[in-house]
Chemist: 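Sharing a structure here in structure tokens format.
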Amino acid sequence: MSRNSKTTTVKPQLEQLEERSLPSFLINGLFTAQGPTNVQNLATPLNNMVKDMQSAQTDLNAQFAILNNPANKPGGATPLGFNQAEQVAGKMIADWQRIVTDNAAITAVSNADQAFIRQAAIAEFGEGDQTDAVIVFLTPLFKLNTFTALTTPVTQANTIATDPTLLSIVGMNLNSVNTFVDSTAPITSVTVVPTF
């Protein structure tokens with residue numbers, strides 16, 4: 001027995017969607033002194049690391065003053081003992097390690113963020129949206145630096161890490177400053193500059 005049933009099928013047609021042009025990543029806040037808002041957001045961790053470097057610099061100088069002049073020691077004018085001198089020297093080493101680590105991290109993160117933004121702008125340009133590429137590559141001609149928020153922390157970090165007073169302290173033999181410090185090695189020789 002044969003049946004003749006007629007079935008009809010309908011293929012749905014996809015709806016035509018309007019173009020989805022997204023706003024520029026960099027346009028918001030471009031003409032402010034701080035630069036684009038999204039770039040400022042990327043710079044927040046860098047600025048926090050600079051503050052940490054400043055704190056470490058202040059503490060290292062304070063610890064050196066204690067080591068160099070026992071009268072500055074909290075609680076009186078008694079000379080530092082072996083344990084106290086070693087603790088102060090250890091704090092100085094830790095402070096310098098914070099400074100060199102933060103400096104390297106700031107440089108690495110800033111470079112990575114800038115490379116990311118440049119590559120995103122190039123990719124958007126390839127897709128037909130040239131706004132970010134114009135902002136990244138042409139605004140420096142008009143003295144508008146898109147990356148100011150990312151490069152300023154690098155400059156600040158390098159200023160701290162190359163401070164002559166600080167370099168003098170971390171390059172000296174602390175045993176010559178206070179004989180209770182056991183090590184004759186300068187701080188720079190017992191810290192490691194990280195490579196990212």
Side-chain angles (χ1 to χ4, degrees), residues 32-119 145-196:
T32 64
Q34 297 81 20
T37 305
N38 290 324
V39 177
Q40 291 174 43
N41 293 339
L42 290 173
T44 299
L46 303 177
N47 292 325
N48 291 341
M49 285 187 274
V50 168
K51 288 177 187 171
D52 184 59
M53 287 180 73
Q54 291 166 338
S55 171
Q57 179 185 27
T58 300
D59 189 56
L60 196 148
N61 284 324
Q63 297 301 325
F64 181 72
I66 290 170
L67 191 66
N68 194 28
N69 186 356
N72 291 339
K73 182 174 149 294
T78 58
L80 292 176
F82 174 77
N83 288 338
Q84 292 169 314
E86 286 295 324
Q87 288 173 357
V88 169
K91 288 178 184 177
M92 292 172 67
I93 292 168
D95 288 333
W96 180 247
Q97 186 63 61
R98 279 172 50 201
I99 289 170
V100 296
T101 300
D102 284 346
N103 189 33
I106 289 168
T107 301
V109 172
S110 176
N111 289 341
D113 286 346
Q114 290 178 63
F116 164 75
I117 292 169
R118 283 188 184 99
Q119 289 304 314
N145 188 348
T146 307
F147 299 121
T148 299
L150 297 173
T151 57
T152 299
V154 173
T155 304
Q156 293 170 332
N158 287 335
T159 300
I160 293 169
T162 58
D163 176 47
T165 303
L166 209 57
L167 290 176
S168 170
I169 292 170
V170 298
M172 71 174 53
N173 170 2
L174 294 181
N175 182 267
S176 67
V177 175
N178 188 315
T179 56
F180 285 119
V181 177
D182 194 33
S183 175
T184 58
I187 292 173
T188 53
S189 70
V190 294
T191 53
V192 178
V193 178
T195 55
F196 296 103

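Predicted model, so just to flag it, every value in this text is computed and none were measured.
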Chemist: Do Ile160 and Asn103 have side chains that approach each other closer than 4.5 Å (heavy atoms only, starting at C-beta)?
Modeler: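 No; the side chains remain at least 4.5 Å from each other.
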Chemist: Under 4.0 Å between a Lys/Arg side-chain N and an Asp/Glu carboxylate O for Arg98 and Asp52?
Modeler: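 Counted as a salt bridge, because a side-chain N and a carboxylate O are separated by less than 4.0 Å.
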Chemist: Looking only at heavy atoms, what is the nearest atom pair of Thr188 and Trp96, with distance?
Modeler: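 Heavy atoms of Thr188 and Trp96 come nearest at CG2-NE1, 4.0 Å.
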Chemist: Using modelled atom types and a 3.5 Å cut-off, is there a donor and acceptor pairing between side-chain atoms of Ser110 and backbone atoms of Ile106?
Modeler: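 No: the side chain of Ser110 does not pair with the backbone of Ile106.
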Chemist: Which value, rounded to the nearest 0.5 Å, describes the distance between Gln63 atom CD and Asp95 atom CG?
Modeler: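 The distance works out to 6.5 Å.
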Chemist: Quick check: closest heavy atoms across Val100 and Val192, and the distance to 0.1 Å?
Modeler: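 Taking Val100 first and Val192 second, the nearest heavy atoms are CG2-O, 3.8 Å.
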Chemist: Is Ile99 close to Thr191 at the side-chain level, that is, under 4.5 Å between some pair of heavy atoms?
Modeler: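 In short, these two side chains do not touch, never coming nearer than 4.5 Å.
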Chemist: Grab the two heavy atoms, one from Pro194 and one from Ala104, that are nearest each other, plus how far apart they are.
Modeler: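 Smallest interatomic distance, heavy atoms only, reads O-CB, 3.6 Å.
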Chemist: Measure from the side-chain N and O atoms of Asn61 to the backbone N and O of Gln57, and report whether any donor-acceptor pair falls under 3.5 Å.
Modeler: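 Between the backbone of Gln57 and the side chain of Asn61 there is a qualifying donor-acceptor contact (under 3.5 Å).
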Chemist: Going from CE on Met49 to CD on Gln156, what distance comes out if it is rounded to the nearest 0.5 angstrom?
Modeler: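 Rounded to the nearest 0.5 Å, the CE-CD separation comes out at 12.0 Å.
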Chemist: How about Phe116: does its CZ atom have over 12 heavy atoms from other parts shown lying under 6.0 Å from it?
Modeler: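 Counting other residues, nucleotides and ligands, CZ of Phe116 stays at 12 neighbours or fewer.
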Chemist: Kindly determine whether Phe180 and Leu67 satisfy side chain to side chain contact (heavy atoms under 4.5 Å, CB included), including the steps that lead there.
Modeler: CA-CA 9 Å; Phe180 285 119; Leu67 191 66; over 6 Å; no
Chemist: Please examine the side chains of Leu174 and Asn178, heavy atoms only from C-beta on, and report whether any two atoms are closer than 4.5 Å.
Modeler: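 Result no, sub-4.5 Å side-chain heavy-atom pair not found.
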Chemist: With rounding to the nearest 0.5 angstrom, report the OG1 to CG distance, Thr165 to Leu60.
Modeler: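 It is 11.0 Å, given to the nearest 0.5 Å.
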Chemist: Passes side chain to side chain contact (heavy atoms under 4.5 Å, CB included), Phe64 versus Val177? Steps please.
Modeler: CA-CA 9 Å; Phe64 181 72; Val177 175; 4.0 Å; yes
Chemist: What residues, two or more places apart in sequence or in another chain, satisfy side-chain hydrogen bond (donor to acceptor under 3.5 Å, both in side chains) together with Gln97?
Modeler: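 By the side-chain hydrogen bond (donor to acceptor under 3.5 Å, both in side chains) rule, Gln97 matches Thr101.
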Chemist: May I ask you to test the Asp113-Phe147 pair for a side-chain heavy-atom distance under 4.5 Å?
Modeler: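 Contact flag for Asp113/Phe147 side chains = no.
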Chemist: Any side-chain to backbone donor/acceptor pair from Thr152 onto Thr148? Under 3.5 Å, distance only.
Modeler: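 Yes, because the side chain of Thr152 sits within donor-acceptor range (under 3.5 Å) of the backbone of Thr148.
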Chemist: Taking Val181's backbone N and O only, do any of them form a donor-acceptor pair with Asn175's side chain (distance below 3.5 Å, no angle check)?
Modeler: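 Confirmed, Asn175 side chain pairs with Val181 backbone.
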Chemist: Is there a side-chain contact between Thr151 and Gln114 (heavy atoms, below 4.5 Å)?
Modeler: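 With C-beta onward as the side chain, the pair touches.
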Chemist: If I take atom CG from residue Asn47 and atom CG from residue Leu42, how far apart are they, to the nearest 0.5 angstrom?
Modeler: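 With rounding to 0.5 Å, CG (Asn47) is 11.5 Å from CG (Leu42).
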Chemist: Where is the tightest heavy-atom contact between Gln40 and Ala149, given as atom of each residue plus distance?
Modeler: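 Shortest heavy-atom separation between Gln40 and Ala149 comes out as CA-CB, 4.1 Å.
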Chemist: Any donor-acceptor pair under 3.5 Å linking the side-chain atoms of Gln54 with those of Thr58?
Modeler: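 Per modelled atom types, Thr58 and Gln54 side chains form no pair under 3.5 Å.
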